[in-house]
Amino acid sequence: MNKRFSFLVFRFLFLAFGILINLVAFGQNKPDMADLMRSNGKIYVVVAVCLTILIGLFVYVFLLDRKISRFEKGKD
Amino acid sequence: MQKNWWKILSFLLLIYTVVGGFLMEVPHLFILNETIRNLYFHVCMWFGMMILFGTSFVYSIKYLRGFSLRNDIFAHQFAAVGSFFGILGYATGTIWANYTWVTDQSQSLGSILKEPKLIGAAIALLIYGAYFVLRGSFTDMDKKARVSAVYNIFAFAMLFPSIWIIPRLVGSLHPGAPGSDSGNPALNFKDVDSRLRMVFYPAIIGWTLLGVWIATLKIRLQLIKDKSLINE
């Protein structure tokens, strides 16, 4: 009797565990993000490249601005 | 130098846009995945375009009120930089659509060519293209300024149906259509995650200020060129 009862408990636990595993597996069905790029730090390479372009662009515009200012002063 | 604080602000905001835009947390969405970060670049081009076209529109009205050629130069150069932003917005949109609509949703090229948002934006840009053609076809300075100022007001008015109204009335793949969560996709507080807004709004200001800076450079250059014509 006792043995039979413990067998039932075991079966129930097994079922519960199965459902739980299933839930966890469903929980992982998330959108793919670039987590690898973040974990190995390669994303910083992208940021560095973009920052270089942006800073270069701003330096260029700044120099143009200064040149035009000089023109404006020279003509007056 | 005191008048140049907004140029520094633009620089700082765009540095923040690139650093925060790539490194900060974004909502995890299907189909879009990591490309949601394009919001800080692609969408800002369109916002910048709208603000620059709006400024151009104001200067066209100012020109018609006093017929000062200075205002005509302002209107022309703001429209030029605005169109440039629009072309950049279109180009970045094609890349984004290629990966989210064609690859992931397996849409045919035909369905993308029928996109009301794309057609509307193309119409708006072509109307502004005609503005520059119109300007170029005049030899008389005053006539050029007058006709193109009136045309510029029409062109701005055409932005309303072509990019703000019609694409939101008909079904579209683009956010903001009735099929998706309707309304303005960028300004709807329920639609745009607060994490996105943290970078998105500064990015709009930063990109727009950069556009204004480039426009002022073009204006000043044009003013030096036309110095003999403008008696002020």
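Letters A, B, ... are given to chains in the order of the sequence lines, protein chains preceding strands, and every chain is numbered from 1.
The contact list for residues 14-24 of chain B toward chain A, using heavy atoms and a distance under 4.5 Å, reads B:Leu14, B:Ile15, B:Val18, B:Val19, B:Phe22, B:Leu23 by residue number.
In this structure, the portions of B:Ser10 lying under 4.5 Å from any heavy atom of chain A include both its backbone and its side chain.
A salt bridge links B:Arg220 to A:Asp65: one of the charged nitrogens lies within less than 4.0 Å of a carboxylate oxygen.
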Exercise. In sequence, state the C-alpha distance, the side-chain angles, and the governing distance for B:Thr92 and B:Asn38, and then conclude on side chain to side chain donor-acceptor pair (under 3.5 Å).
Key: CA-CA 9 Å; B:Thr92 50; B:Asn38 278 351; over 6 Å; no

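In terms of non-hydrogen atom pairs under 4.5 Å with chain B, the most contact-rich of A:Met33, A:Lys67, A:Met37 is A:Met33.
The environment of B:Phe138 atom CZ is dense: over 12 non-hydrogen atoms of other residues, nucleotides or ligands sit within 6.0 angstrom.
Applying the side chain to side chain donor-acceptor pair (under 3.5 Å) definition to pairs two or more places apart or across chains, those involving residues 37-57 of chain A are A:Arg38-B:Glu34.
Residues passing the side chain to side chain contact (heavy atoms under 4.5 Å, CB included) test with B:Ala145, sequence neighbours excluded: B:Tyr63, B:Leu69, B:Asp72. Scanning for ring-ring contact (aromatic ring centres under 6.0 Å, His included) contacts around A:Phe58 gives B:Phe11, B:Trp213, with sequence neighbours left out.
Panel note: side chain B:Trp207, backbone B:Tyr40; a donor-acceptor pair is recorded below 3.5 Å.
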